[in-house]
Amino acid sequence: MPNSFADFNFNKQILSAVHDAGYTLPTPVQQKAIPLIMNGQDILGIAQTGTGKTAAYILPILMKLKYAQGNDVRGLIIAPTRELAIQIHENAKQYAHYTDLRIEVIYGGIGPKRQIEAIIKGIDILIATPGRLMDLYLEGYVVTKKIQILVLDEADKMMDMGFMPQINKVLEIIPKKRQNMLFSATMSERIEKLAENFLLWPTKVEVSPQATPADTVSQALYLLPNFKTKINLLRHFVENDAEVLKLIVFCRSRSNAENVYKFLLRRFNDKHVKVLHANKGQNTRINSINAFKNDEVRILVATDVAARGIDVSQVSHVINFDVPIIYEDYVHRIGRTGRALNTGKAITFCNPAENYFIHKIEKLIKQTIPVLPIPKTVFIEETPYEEKQTINREIDNQKKKDNPDFKGAFHEKKLSNKKSDVKKNNKPKAFSGKGKTVGNFKKNAKKY
Ligand code: AMP
């Protein structure tokens, strides 16, 4: 297996760009995939972001297309989100620095004018999200007849987001004779099916077993009774842990992200922290990512959809403020840290209702996440009545889901829901009935 970039028969332009990027050794996915792609084979790549998969397919594409030619796109890369598309575009431009290849990106959420102008000038490689690609194809701006290479990146996410109809349409409009690559973070039956339809005699390249977090990430779990205690522990890490140099805080809903962001803003200011979620305008999102990437701020608060695929190197810590309910997102989230050859820490905050998801995640990753004690300096708050009710209701629902005969302790209790009963029951241990409601937690919790 090749263990240096020089072994790939790349030309000088590409080797110089790889050198400028600071890469000394190819990563495992690059070692395996590059020779196959150079050889013209179809590839099914099972690799998470953070493994170097983008370079694994872009570098051989640059080598194959070599120099600018004609007006029409020859290499098409489809990605599920704008953020990932932008990311791939940035990488591709960096790797193509010493070539004259014209590389553009198109995505929705902003006007198409600039994108159309760029395409009209002539392009070699196009990176696109499915919706915008179809729009500009139907309007006649994207001409597909010269496409020789097609990449579907994060195909699993593409399916989750309901893009399959668009992808199938794309497959109908591009030449049959082409090289295909399909990348997915996880292997599943539906990916296998897609691979069957889309790839011709593919070679499977798998760099880590299904949904396994990278070895370079150390994981920890904190069991916390409520939202406010989560905030206190977050504050502990942000203020007292000198190792937390660059941090992404993941929340499962926009409103939770907004609440956590507001809390951090009160303690610091927007020189230290930015937020990234789907409610923000596209430019705000790009500005937030760039500010974080360029080390202008050290904390980024994000939701899963907004953060998917973002490549920010040297994130020292990922904090899962909420446990993700889509289990695979756990792997994606913690893949933000420990990228390529760096190491990182992934810390998960878990309330009693979220424990259910932790068990599922542990099953998926085939690892137990070590539980750590709450640091002594972190104040453990009492759980407000409403939050306690919400947590209990969720636990009941989980039990019912697993066992349809389960009657639901919570609802039985609710029948005798005199205030005095509830208070008596609330006093002890993890759930505690008193204390102020934090923000609009109840409202947020409903969205779980
Ligand atoms: P990706 O999996 O494509 O999102 O890449 C993750 C990160 O690894 C990016 O920051 C790349 O710049 C970086 N990277 C890619 N290939 C290498 C390599 N051979 N050596 C070091 N870093 C790399």
Side-chain angles (χ1 to χ4, degrees), residues 1-8 10 14-35 37-38 43 45-63 77-97 103 105 125 127 151-158 181-186 205-208 211-217 246 248 289-290 292-295 300 302 307-316 318 328 331-344 346:
M1 195 167 301
N3 51 21
S4 97
F5 281 99
D7 296 340
F8 292 130
F10 285 151
I14 291 176
L15 288 176
S16 302
V18 167
H19 178 260
D20 289 357
Y23 307 165
T24 44
L25 299 170
T27 63
V29 68
Q30 292 162 0
Q31 289 184 343
K32 290 184 192 167
I34 290 174
I37 302 171
M38 293 284 277
I43 291 283
I46 305 298
Q48 303 159 224
T49 38
T51 52
K53 71 176 163 67
T54 316
Y57 64 78
I58 297 273
L59 295 174
I61 292 178
L62 299 178
M63 210 27 224
I77 297 156
I78 307 181
T81 63
R82 309 161 216 190
E83 282 80 10
L84 180 62
I86 292 170
Q87 189 78 66
I88 297 169
H89 182 226
E90 276 173 11
N91 280 353
K93 276 194 310 190
Q94 183 190 9
Y95 303 144
H97 181 76
I103 307 174
V105 60
I125 297 173
I127 297 136
V151 180
L152 296 189
D153 201 351
E154 297 204 350
D156 47 349
K157 188 67 181 177
M158 219 109 69
M181 293 167 230
L182 180 69
F183 282 87
S184 169
T186 51
V205 171
E206 196 163 8
V207 287
S208 55
T212 303
D215 297 340
T216 47
V217 182
K246 204 165 183 181
I248 304 184
I289 294 175
N290 285 342
F292 184 65
K293 249 187 185 175
N294 303 334
D295 291 329
L300 183 71
R308 178 79 193 211
I310 296 170
D311 170 32
V312 179
S313 55
Q314 286 174 342
V315 172
S316 65
V318 162
E328 284 92 354
V331 183
H332 297 305
R333 283 181 179 189
I334 76 171
R336 306 301 98 207
T337 185
R339 293 205 142 200
L341 307 173
N342 298 318
T343 54

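As the structure lists them, so they are numbered: ligands from 1, and atoms in each ligand from 1. One-based numbering along the sequence shown.
- Contacts of Phe5 with ligand 1, taken as heavy-atom pairs under 4.0 Å, involve the side chain alone.
- Considering every non-hydrogen atom in both His89 and Ile127, the closest pair reads CA-CD1, 3.6 Å.
- When only interatomic distances are considered, the shortest N/O to N/O separation between Thr24 and ligand 1 does not fall below 3.5 Å.
- The shortest N or O to N or O distance between Tyr23 and ligand 1 is under 3.5 Å.
- Atom NZ of Lys32 sits about 13.0 Å away from atom CD1 of Ile34, to the nearest 0.5 Å.
- For ligand 1, the atoms lying closer than 4.0 Å to a non-hydrogen atom of Thr27 are 17 (C), 18 (C), 19 (N).
- In this structure, CG on Asp156 lies 4.0 Å from OG1 on Thr186, to the nearest 0.5 angstrom.
- Side-chain contact between Leu59 and Ile37: absent, with no pair of heavy atoms (C-beta onward) separated by less than 4.5 Å.
- In terms of N/O distances under 3.5 Å, ligand 1 is not approached by Ala55.
- Using a 4.5 Å heavy-atom threshold, the side chains of Ile58 and Val151 count as separate.
- In Leu25, the part holding a heavy atom less than 4.0 Å from any atom of ligand 1 is the backbone.
- Considering only heavy atoms from C-beta on, Tyr57 stays 4.5 Å or farther from Ile43 through its side chain.
- Between Tyr95 and ligand 1, not a single N/O pair is under 3.5 Å apart.
- Under a 4.0 Å criterion applied to the non-hydrogen atoms of Thr54, ligand 1 contributes the atoms 1 (P), 3 (O), 4 (O).
- Within the 4.5 Å cutoff, side-chain heavy atoms of Lys53 are placed close to those of Glu154.
- The proximity of Gln30 to ligand 1, defined as any non-hydrogen pair under 4.0 Å, is limited to the side chain.
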